[in-house]
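All chains are named by letter (A, B, ...) in the order of the sequence lines, taking the proteins before the strands, and each is independently numbered beginning at 1.
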There are 2 protein chains.
Amino acid sequence: MKTKPQSPKKSRNLEKSRKEILEVAFMEVFTKGFQGVSIDDIVAKTNLTKGAFYHQFPTKLDMGYALVDEVIKPMIIERWIKPLESYENPLDGILAQMKTLIGEADPKYLKLGCPLNNLVQEMSPVDKEFHIRLQIALNLWIDEMDLHLKRAKKSGYLKPDVNTKQVAHFVVMAHEGFYGMLKGLDDPKIFSALYASLKLYFKSISKNARSV
Amino acid sequence: MKTKPQSPKKSRNLEKSRKEILEVAFMEVFTKGFQGVSIDDIVAKTNLTKGAFYHQFPTKLDMGYALVDEVIKPMIIERWIKPLESYENPLDGILAQMKTLIGEADPKYLKLGCPLNNLVQEMSPVDKEFHIRLQIALNLWIDEMDLHLKRAKKSGYLKPDVNTKQVAHFVVMAHEGFYGMLKGLDDPKIFSALYASLKLYFKSISKNARSV
DNA sequence: TTGACAACATACTAATTAGTATGTAATGCT
DNA sequence: AGCATTACATACTAATTAGTATGTTGTCAA
């Protein structure tokens, strides 16, 4: 057996440290907001120190940008886009994913809202670069959603006159809105109410009332 | 002519000072977020000083609570509920108000989002008392919206099997969602897209396709 | 008119914070 | 093996911050 290409145990690993910091930072920002979190808070929950932090990120804002690009964007794809591929009718997939990831989510996490939406609401007006990164993430979500809706249209699940991009905007808006409402109100029953209304909307743009 | 009940000019006025502080604080929090604003920031934009601030509010959080109760709640009623009274079909009123207050709003302000939603997203998980106050404000909005929807149902504008409370939740969710999306994305055209989708939803719960 | 209190103003403090300066040891290349 | 460099650790700083302590003056009732 030859020596493994990547050394298996080393006490210093730039990538691994970056991931560790970002993972902790994600949860801290998720719970307290970007402006409510201190770098000392973050490194304290890490096996690393401030030196490691500033070796990775020039400033706190740069860490925030990395959060968007390296944590949140992949998370959107993984949680909201990829799962749609296995549904013949993407509209079914969208509703099913919302039911799973929002409707059946641990209330403890639901109270924290949506990581992307939280940052959009808090940081978009505060920092321009933040706004740009968040905008890119949002548009990624919308564009990928649009592709699935185009597929739905092609497969005959949507009425032919439906503007898929327009629907994509509404659907992503609904995701954010659902999270926001469930964060503000405490009643888990509210998801069912919102869900039922969204289903009605889907029905009104679907070709066959049979499906959805 | 008798003497006026309230003395016209006095250099010290508890109520007036409170309003002055809250007005400035509202804009500061609206632009920078609650955690992003300092009390020094606020009093600097006022004709008063820190002494006046802490004479009114025991802590920064208490000022935040006052913002919700004394500024934001009345604003919701004034901007989103009261105007509906003059519409025979409340659904028309809801759409018209959204067009006026969101679709035709100054982009400068649109970028700042919705004062209530901003605080919900930022402060709900951070402070329990904040969460309670914001929850009350949200439920006020929903309940008042529900009353108008009940009126719509009674007047025959809604299908008889429509759950008005459920619709009220969806409508308020849409308000917050619209604001959130327009804050995150920069394209003003997006309002039209969201608006068109909401209109479709309204159509699907309306009795006569003629209206709305 | 005059106190007494309310409505502020001013000056200060202790804690927190982002960021820096500098030191040190692990790693990898030759 | 040795050495340069990277990947951190430690200690510090200057600025900001919420909150306090105390002083001052306008207001109003008697």
Side-chain angles (χ1 to χ4, degrees), chain A residues 2-25 28-29 31-67 70 122-123 126-127 129-130, chain B residues 2-25 28-29 31-67 70 122-123 126-127 129-130:
Chain A
K2 293 205 172 169
T3 59
K4 296 187 178 176
Q6 69 278 30
S7 36
K9 341 163 189 173
K10 45 178 175 176
S11 66
R12 297 185 168 186
N13 189 322
L14 191 64
E15 290 180 43
K16 208 178 154 194
S17 295
R18 187 181 185 88
K19 283 189 179 174
E20 186 181 353
I21 292 171
L22 285 178
E23 192 179 337
V24 170
E28 287 293 297
V29 171
T31 53
K32 305 177 191 169
F34 184 80
Q35 297 183 112
V37 152
S38 75
I39 291 159
D40 289 312
D41 282 347
I42 294 171
V43 296
K45 297 204 171 188
T46 297
N47 287 324
L48 302 156
T49 63
K50 221 167 190 178
F53 184 97
Y54 279 98
H55 187 62
Q56 299 272 357
F57 311 106
T59 70
K60 188 190 176 187
L61 279 170
D62 286 286
M63 183 272 285
Y65 307 154
L67 266 184
E70 299 168 34
E122 183 188 2
M123 297 306 295
V126 172
D127 181 79
E129 182 68 20
F130 236 123
Chain B
K2 295 207 172 169
T3 58
K4 295 188 179 176
Q6 70 278 32
S7 38
K9 342 166 185 171
K10 46 178 175 176
S11 68
R12 296 186 167 187
N13 189 322
L14 190 63
E15 289 179 45
K16 208 178 155 193
S17 295
R18 186 181 186 89
K19 282 190 179 175
E20 185 180 353
I21 292 171
L22 284 178
E23 192 179 336
V24 170
E28 286 293 296
V29 171
T31 53
K32 304 177 192 170
F34 184 80
Q35 298 183 109
V37 152
S38 75
I39 290 161
D40 289 311
D41 282 347
I42 294 170
V43 295
K45 298 203 170 187
T46 297
N47 287 324
L48 302 155
T49 64
K50 222 167 190 178
F53 183 96
Y54 279 99
H55 187 63
Q56 299 272 355
F57 311 106
T59 71
K60 187 190 177 189
L61 279 170
D62 285 286
M63 182 271 284
Y65 306 154
L67 265 184
E70 299 168 34
E122 183 189 2
M123 297 306 295
V126 172
D127 181 79
E129 182 68 21
F130 236 124

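Distance K50(B) NZ to dT17(D) P: 9 Å, rounded to the nearest Å. In this structure, CD1 of I42(B) is placed 15 Å from P of dA9(C), rounded to the nearest angstrom. Regarding F57(A), its CZ atom lies at a distance of 11 Å from the P atom of dC8(D), rounded to whole Å. Distance N13(A) CG to dC8(D) P: 7 Å, rounded to the nearest Å. Atom-to-atom, CD of Q35(A) to P of dT17(D) comes out at 11 Å; the value is rounded to the nearest Å. A straight line from CZ of R12(A) to C1' of dT6(D) spans 8 Å, rounded to a whole angstrom. As a whole-Å value, the separation of K16(A) NZ from dT27(C) P is 12 Å. When rounded to the nearest whole Å, the span between CG of L14(A) and P of dG28(C) equals 12 Å.
Residue contacts shown for V37(A) are limited to sugar-phosphate atoms, with no base heavy atom under 4.0 Å away. Note on D62(B): nothing from the nucleic acid sits closer than 4.0 angstrom, heavy atoms only.
Looking only at distances, no side-chain donor or acceptor of Q56(A) sits under 3.5 Å from a matching main-chain atom of I21(A).
Of the two residues near DNA chain D, Q56(A) and T59(B), the one whose nearest nucleotide lies more 5' is Q56(A). Place A52(B) and F34(A) on DNA chain C by their nearest nucleotides, and A52(B) ends up nearer the 5' end. Where D41(A) and G51(B) each meet DNA chain C at their nearest nucleotide, the meeting point lying more 5' is that of G51(B).
Contact check, S11(A) against dC8(D): no side-chain N or O comes under 4.0 Å of OP1 or OP2. Taking only side-chain nitrogens and oxygens, T49(B) never comes nearer than 4.0 Å to OP1 or OP2 of dT10(C). Side-chain N/O atoms of H55(B) include one lying less than 4.0 angstrom from OP1 or OP2 on dA7(C). Applying the 4.0 Å criterion to OP1 and OP2 of dC8(D), one finds that S17(A) has a side-chain N or O inside that range. The side chain of S38(B) places an N or O atom within less than 4.0 Å of a non-bridging phosphate oxygen (OP1 or OP2) of dT17(D).
Aromatic ring centres of F57(B) and Y65(B) lie farther apart than the 6.0 Å criterion allows.
Residues V24(B) and I42(B) meet the side-chain proximity criterion, which asks for heavy atoms closer than 4.5 Å.
Of all non-hydrogen atoms in F34(B) and V29(B), the two that sit nearest each other are N-CG1, 3.8 Å. When every heavy atom of E122(B) is checked against every heavy atom of G36(B), the shortest pair comes out as OE2-N, 4.4 Å.
With distances taken from any side-chain atom of K60(A) to the nucleotides dA9(C), dG19(C), dT17(D), the minimum falls on dG19(C).
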